[in-house]
Amino acid sequence: MDRRNFLKILGITSSTAMLSSCGVDKANEKIIPYVIPPDEEVYPGKPLYVSTTCTECPANCGLQVKVNEKLYHEQRSLYPTKLEGIPNHPINRGGLCARGQAGLFRLYHPERIKRPMVRDEQGNWLIITWSEVVTRIQDELQKTRRLGKINTYLSNHTNGTISQLKNQFCQEYGFERLPDFELFSHANIKKANQLVFNKQVIPQYRIAKTDFLLSLGADILETFVSPVEHTYHFSIAKKNQHFRWYHLEPHVSLTGVQADHRIVIYPESEIIFLSYLIQTLFRESHQKRNLPFKLLRSIPTYSLEETAQQTGIYQQDLQKLVGELSKAENPLIISGGISTAHAYGLEVAVLTALLQWILGITSEVVNFINARNYENIGTFLDINNLLHRLDQNEIGVFFLSKCDPAGQLPVDWQFLEKLKKASFSIGLADCLNATVRACNMILPLSHTLESWGDAQPFDGLHSIFQPAIEPQYDSKTEGDILLSLLNNNSEFSLYYKDYLFNNLKSRFGETNTSKLLQNGFIRTAVPESELSINLNQVYQFLKNFRIPQVKRTELLVFAPSIRGYDGRSTDLVLLNEIPDPLTTISYGAWLSVSEETATRMSLKDGDEVEVRIADERTKLPVKKQKLLPENVNLVQYGVVRLLSGSYDKRSGELFWFIKDIILSKTGNHVKLPVLSGSMDENGRGILPHVNEHAHEKEGKPWYPEHEHENYRWGMAIDLESCIGCNACSAACYVENNIPIVGRKEHLLGREMSWIRIQPYVQDNESIEFVPMMCQHCDNAPCEPVCPVYAAYHNPEGLNVQVYNRCVGTRYCANNCPYKARRFNWFDHRLPEPLDKMYNPDISIRDRGIMEKCTFCIQRIRAAKDKAKDDNRLVQEGEVIPACAQTCPTKAITFGNLEDKNSKAYKLAHSEQAYRALEELGTKPAVNYLGKKREHYEA
Amino acid sequence: MKNQYRFDEKHQFLEKLENLIKDGVSSKKIITYTPYPVHEVEHILKVKASPLRFFTLIGALAGLLFGFLFTIWASLDWPIIRGGKPIVALPAFIIIAFELTVLFGGVISFIGYLLLSRLPDFSKIQNPEEYGNQFVIQIQDGETR
Amino acid sequence: MKPENMKELEYNSILEQDILDAMRKPHPIYWLALFICASFFVLGMITWVIQMLKGMGIAGINNPVGWGVYITDFVFWVGIAHSGTLISAVLFLFRAKFRNVFNRSAEAMTVFAVMTAGLFPLIHLGRSWLFYWLFPYPNQRQLWVNFQSPLVWDVFAVSTYFTISAIFWYVGMVPDLAIIRRFTSGIRKKIYSFFSLGWTGSLKQWRHYTRLYMFLAAFATPLVISVHSVVSWDFAMSIIPGWHTTIFAPYFVAGAIFSGTAMVLTLIIPMRKIFRMEKYITVDHFDKISKILLFTSLIVAYSYVVEFALAFYGGHKFEESHFLYRLLGDYRYLYWLMVLCNVILPFTLFVGKLRRNIPYLFVLSLFVNVGMWLERFVIIVSSLAKDFDPYNWGIYIPRWPEVFITLGSFGMFFTFFLIFTKVLPILSLTEIKEEAAE
Amino acid sequence: MNLSYRNLAIVSIVVIVIIGLIETVVKIGGDGNLLLLLSFWSALIQGPVAVAAAAEVSRGKWAQPMKRELLAFYPLILFVALLFLFISFQMDIYKWTEIQHRWLNKSFFISRNFVLLLLSFFVAHLFARASLQQKKSSQLVAVLYLFVFVISQSLIAVDWIMSLEYPWMSTMFPAIYFMESFYVGLAILALMAVVTLRQKLGNKVEVKKVMRDAALFMFGFALAWAGLYYGQFLVIWYGNIPWETSFFGIRMEYSPFKEMMTLIIVILFIVPFVGLISRKAKESIAVVSFVSILVLIGLLIERLFYILPVLPLNAFWLVIEFILMSAIFWLFFKNREQVLRIDK
Amino acid sequence: MKIRIAPYFIIIYVLAFIIFVILISYFWQKNRKTPEQPINFSHQIHVSKVGLPCTHCHTTVEKSTAAGIPSVETCMTCHKAVKKESPEIQKLTKYWENKQPVPWQRVYRLPARKYVYFSHKRHIKANLECVNCHGNVEIMSIIKRVPKLEMGWCMSCHKAKNVSIDCATCHK
């Protein structure tokens, strides 16, 4: 029995254990110096910041990696411990989404591929060296030449230098470089823009600049093209009093509930709606640009009633919409996502483009010049083509780099089987996935945080990848692999760095390159070009215009989720720990059904149903979801794989919903980890407008105000701009070493998140999100009940929890009206090597200890330390908690409430500020800014 | 040499006792042994009320005082704000003070009792005196008590 | 009781004989019972150790329900303890003679129950091995405990309660030990004579003794009230609807005495049968004690009513919704069962016949024990399960550790009690003699 | 002066009418007068009967000799009931009358209280008869009366007093309230014992014993009262929820209320506690009568303490009303034989 | 027979108690004794004889929370030349050759230090001498832990110097 346990038993058997106060650490430990200290000035208390680029989705946000020096397994070394957005980055402006925050979980993923492997005849994996890799590939290539097969190279969205290198490589070895593989290729939008404007690109949507946003299906705040950017823009747009946002969708999405007017439209009927809009605008001559008569005539005309009847939109809504649209200065219409991912998606996209055109398109709102970098992303036409060729045994050596078609393509496309037909498939990936598992050879790629590289998120913006940590395994970057193949030599690595630098220097010159390395990005000028419409093409397209037969059937919708994206992020445990904002389900797959369906089939949450589609079938537990229209059943990409996929033969857009599905109860019941106890706020005084009559309860608390010296830390959270994206929660997890507890604990209701997003459904039409964390009350109910002073109030207005003083009575948690306190039921530890990401500035709590939000006290401490060095007080903006830092909409403002000029103070004393559960007299330091009235009149 | 009277019945015993007092035997010389407390004896022998109450009183007061002083001092020794309540929160300390009053009062009166009645008496532990259920009167030659 | 014609001396000696018979060599069944109880005790202890090594999580407690069965048990056992003091001290002050046959075992019960109860606050600690941080002892940290915390009040209240009731119990026993001493020999005699402190029964001893007993009784009476008030304030000091209510102190005190009295019946009725004490513990005694049961049950009922009435009187949203939840929510069955056990069944005691029907009283007492346990459970759990913020509403279901440890607590209690019945006089001899003499 | 049963009735009717007129016709400043009157005297009247009932139930010898004196006041319950009806003319003293609530609404308020008072009168009547005639059922009726007493006093507490402070509420409040009424009941018992001793009536030893027991119980009740009051205060102080603290907020900040508070504690707790702690004190007529009178005054102050912060009082008329009431009270005591003819 | 029981009871209990205490203090000592160092490095020589200032090796003491342990490289700057022959230095050079860090045993360990934030920098900036806490290192041939580094020890100084006694200053 080791000393610790000994004392533990002792503690209960005899009071003499009082002799010992510390029984918790290992008996004796080592301190390991460096052999050679690192060149960077980095030591405990001074982390290093490396600017690089996020690769969790094609948006490529700017990243700032916090690197700490710490001792890990008796190795003193540098480890990335936190990801943050680059403050002034043109895409994410310092913000970062939950997926971005979870990037570290990929870097330290237990399933990282550690060394190159190849299959032998029996199909067992053999570990080989890189030189063997090179030779092996070489002679595979020999073979295929003899066989006369074509070698192909498939990779995910790539651009920048590496793209050039690939092309070079493909030329040298006679590879055919296939268009990049992205599940969400937005093919219809590209196609439509090509039809209408001769530009096969996805433009930048400048939401900030518009005063009227009409979005059809595009989940702009979640996954659509560049969510974080859109979210930021959205928060700016909100500041404009006249900004209006109509969102039309056949299902319910996080984006939808943010719109001022969320309008449910029958699937596939957007086209009717759009034609109605165009025609009406012309009839009422609100158009800014004219169209030739014959073209106009080729667009079908619908009466108000018809439209309403066909689309399921209320007439008054339509009229209101038209009214506001025609009044708008420079409106912006975005159709995408689910509205373009169906049989009439292309028409929708084209009409959208047309509508945008006649409403006067400007590069202010729709920017084709700095177009998104989607040109070499392929469509499902290409995929289908590839599959076909695989079937024909035409493919020889097959490189699959950083992409997981096997995991993402519809089940009934049998990619795996077909992949086997390639004579030699080589998977390049950082983590194991379905595809690489099926390959003949696996080459471990270094994670982007371990490697050099560059990217081009959109035309005119270049950002860099810099290594923030030595490669942890025997892995290489794609560039290095290609180069070593080119030079037929694997010995010396970091070829690619030089290659990259030459390339960058040649492209941008010395100074810009160094700027690029310093800031993480640079902007370059892009030639302006006048946007012109190709009337004839449009006419040709519209001539044989197909009017959809909208018939309502039981529908299965596959929507991408803010947590899973196209499924690539679902194996990051953090993103499973954090609940889905709308249903608050954390782990596992589920099928969201409408209230109507639930009552019709008498389903309770967790009842299992069988979903039958032609011959494909799967079983899923259901969750009743408010606001979900009848007949629409929702599942998320990633958590559930697309069962049967059909696509648009013209554009190659994948269809997101499957018609005529059959649901049948299996009778089984699956416990769903639903974290929310109730979606109904019950007038508890947590939401703003409910709160107003809370003030009636007069009478004042007894105790005198306690004075604060210099600081009183406080927060203002703008519910106006909070979109419930959970980025704050993710950031908090990583920053504060919050334990990840898993499904079993969640089922018991033991989640550990310090900040959580509470969704509340308002009279069945809107959902409002309230980020809830420790409110750091002045009269905190949790403090006086603690017998050992573990919870107390410090002079700076923080409600402090002294972890190693806590004996775990849990009274504080019971007595906290916000239930913001979390108890460590077990010793939860991240498994190796994930534990490399622990933040050394804050403790890892043992079992039996209560923990909670500390306003990131470690950051406050650091700032005060710094301030003290040049003896002054901490200034505004010096301390930014992780949540506030990462919030894409900057909804959270942190500051010193003692300082009258601080932003936080001003907001806290603005007329729309209120405190949650104010009537309990707890005097929270967190102030919520209520939504403005007119949003409720709508 | 002390002489002893044993009785089986209480009333006989009491009569004898009264007679003895009448006969002018100093009550100081008399020791009685009874199977259970007999209050009449005290009246007959005119014994003063037991001084035990002073122990009790002192104990209780000490407890009360200590209770308040200790809590107040300890809170002021390291003043820590909790829930905005005043550092010296008397309404809360009353409870501690009360409990300590009872504790001290009780314990000290017990100790007082042991002192007053000279217990534990080790010699008697060795070889106990037994009188069964009888009522016994002993008359000492010398003065005891 | 003593027949008129009987001589005092012989009555006393018969009495002594009867008591000694009760302390004779135990029957095998006794050993069996002892073994079973002891093994439950051990089981509970083992569970506790496992819980400490693995973590609180193995129990069913969660967020929001941070307190569950453990605290319920704590309150339950403290409650059990109370009637002991009530019967021996309060009734002593009221000069209610019928207490004399109950008080010894009642006090024993008190002491053991407090010991059992005292464990639970430690068991429910997340870091039990640091329990001593709850005591205000001078330490190198130069930091004291938070005297504002109800839990610290608990520490004081419970430890005081234990000390005083232990002293009270012992003091009352000294003369009786002296009697036992007389009939034993060998090492047992040594032990008894040691603990009877060389008692002779001289006037000097008696006169202080009576005073002391009186004072201790006078102390114990307010103490018993304060202790359970403090226990109730563990909850009332919070702001949780269902916990934060002013009536809790008297409500819990009454409840405690209620459950305690029931436990006295549960223990004494079989004891009386086994040790053939019918002669001394008569039906009248039971009639009287069941009146106490009835009375306290009335107070408890009153509190139930007032709680609900005022929750709805005020029209305050939190209170209202909470009490609706209690009536109709997840724990409604427990709640109604509790009402049955604590109010409806005890009210049958208005019928005089039932008060004197001992088997009925026994069954009833069992129901009351269950009911009072449920009452604490319902109050503690249902209040936490649905408090202010709807997002973190949840429910709590106990898991095996709670079950085992609860069993263990019963095991501990009964182990001690069984031992008590064999090594100590189960009736207070001197007091019965005194009573008989009048 | 000796009056027949009928005359007594007439006198009391007259008094009711007078007070009624004062309260309704003679428009005066003091909204609180009637409420204060009722809340104080209802306690004084129901208390002694409850004490008698308790004595009956516990078969205690302690109050039996004074039973007749205690029961003398039970008819006044009816008196209170009738007087209460005048409240309906001044319902506007209650804030909640603006919002009609399912529990707090005028008509229901009046009716339930009136009915309950009538009921308690009726049961008291039954009890008085049964116990004076030494019926077997007397115990049962006594229990019944105690029930009604507790309920009606609690209801009075909640409805008349607590709802003045709506939405303030405290579950302890009704308990304290009826407990106080029993407390004064004991005080009156003691006083009567004193009086009878003075008048050399009854068996001296017994009566003295009664007085001592009454004193003893008062001592106990002083402790219990303090406990309950502290219990209520502590919970509210600790919880610190604004709509709860408001009650004590006013009463502990401003004069004269905070002085009143200390006065109450001194009178209802400290004085009886210190005064009656020793056995000798419990036996001295002077001490006991002093303490019991003080307790009565204490109760009055306590009721003032509840009402004054909310409602204005008119001292002059108040005095008059009180004199009238005490006159009636005295009359009933004096003519108890008339009142208790029922047992003949 | 004349045997006194009471004393025996007491004696037995006391004995048991003593044994118990001894047992604990044993377990206690186990982690209080100064550990064996891989190379017996003498501060006395380096400080008193050679006269190196503390900051020469503990470089980050003025700017970081940790004082910093000199890298093997730092040692080698001198010991490439100095005292090459001595066996201890041999050890050092061995570490250097096969590029291994020296596994020094930690002497100054805060109890439960994973919960404690301590910054050398702050204390140096407050003009505390190393000696104040680390004792006269210059005369220690084998480094020993002078204070217990318990909370009370910190507190007494913090109170005396009248600097922050807010728990959050040190507890993390």
Side-chain angles (χ1 to χ4, degrees), chain A residues 3 6-7 10 13-14 16-17 19-38 41-46 69 74-76 709 789-790 792 794-796 798 800-805 840-846 849 854 857-858 860-861 864-865 868-869 871, chain E residues 17 20-21 23-25 27-28 30-31 33 35-36 38 59-60 63-76 95-96 98-117 119-122 125-126 149-152 164 166-172:
Chain A
R3 181 168 169 287
F6 173 78
L7 279 172
L10 205 71
T13 50
S14 158
T16 41
L19 294 173
S20 70
S21 64
C22 79
V24 197
D25 274 22
K26 281 265 177 298
N28 43 16
E29 86 205 45
K30 298 193 171 55
I31 35 172
I32 310 297
Y34 286 109
V35 178
I36 303 157
E41 257 291 281
V42 50
Y43 41 75
K46 181 175 176 296
E69 184 222 41
E74 312 211 328
Q75 276 310 317
R76 181 167 299 279
E709 51 191 38
Y789 288 126
Y792 80 102
N794 89 340
E796 296 170 9
L798 291 178
V800 183
Q801 177 73 3
V802 184
Y803 293 129
N804 57 333
R805 177 64 171 170
D841 300 338
I842 183 165
S843 55
I844 302 154
R845 281 76 60 186
D846 289 309
I849 292 177
T854 64
I857 190 164
Q858 65 278 20
I860 297 175
R861 197 179 278 128
K864 275 165 70 188
D865 187 62
K868 204 162 182 183
D869 287 349
N871 45 48
Chain E
F17 186 79
F20 203 67
V21 172
L23 209 62
I24 295 187
S25 39
F27 275 100
W28 190 233
K30 229 175 81 180
N31 72 326
K33 68 174 179 353
E36 278 296 310
T59 45
T60 59
K63 49 187 180 179
S64 164
T65 56
I69 303 296
S71 62
V72 185
E73 192 184 32
T74 321
C75 309
M76 291 310 287
Y95 281 114
W96 174 247
N98 41 29
K99 289 282 164 276
Q100 277 175 344
V102 186
W104 297 111
Q105 292 288 339
R106 183 179 279 278
V107 177
Y108 278 82
R109 207 179 107 268
L110 290 169
R113 59 188 258 276
K114 76 182 220 193
Y115 289 109
V116 180
Y117 167 86
S119 168
H120 276 87
K121 170 188 169 186
R122 280 268 70 82
K125 289 230 162 143
L149 299 184
E150 278 171 336
M151 177 175 160
S164 167
D166 176 15
C167 318
T169 328
C170 309
H171 284 268
K172 74 173 187 184

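Chain letters run A, B, ... following the sequence lines, proteins first, then strands; residues in each count from 1.
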Go through the atoms of [X] and report whether side chain, backbone, both or neither lie under 4.5 Å from a heavy atom of chain A.
| X | value |
| --- | --- |
| E:Thr74 | neither |
| E:Pro38 | neither |
| E:Lys125 | side chain |

(message) Going by the rule salt bridge (charged side-chain N to carboxylate O under 4.0 Å, His left out), which residues pair with A:Asp865 if we only count those two or more places apart in sequence or in a different chain?
(response) E:Lys121, E:Arg122

(request) Could you list the residues that satisfy salt bridge (charged side-chain N to carboxylate O under 4.0 Å, His left out) with A:Lys868, not counting sequence neighbours? (result) none

(message) Only pairs of heavy atoms separated by less than 4.5 Å count here; which of E:Ala66, E:Pro103, E:Ser119 has the most with chain A?
(response) E:Pro103

(request) Count the heavy-atom pairs under 4.5 Å between each of A:Thr854, A:Ile844, A:Asn804 and chain E, then report the option with the highest count. (result) A:Asn804

(request) For residues A:Ile849 and E:Tyr115, determine if any side-chain heavy atom of one lies less than 4.5 Å from a side-chain heavy atom of the other. (result) yes

Nearest non-hydrogen partners of [X] and [Y], listed with the distance:
| X | Y | value |
| --- | --- | --- |
| A:Gly45 | E:Thr65 | N-OG1, 4.2 Å |
| A:Arg861 | E:Ala168 | NH2-O, 2.9 Å |
| A:Tyr43 | E:Ser64 | CD1-CB, 3.2 Å |

(request) Kindly compute the distance separating CD (A:Glu69) from OG1 (E:Thr60), expressed to the nearest 0.5 Å. (result) 8.0 Å

(request) Quick one: pull up NZ in E:Lys172 and CG in A:Asp841 and give me the separation to the nearest 0.5 Å. (result) 6.5 Å

(message) For A:Tyr789, which atoms come within 4.5 Å of any heavy atom of chain E: side chain, backbone, both, or neither?
(response) neither

(request) Using non-hydrogen atoms and a 4.5 Å limit, figure out which bit of A:Asp869 sits close to chain E: side chain, backbone, both or neither. (result) both

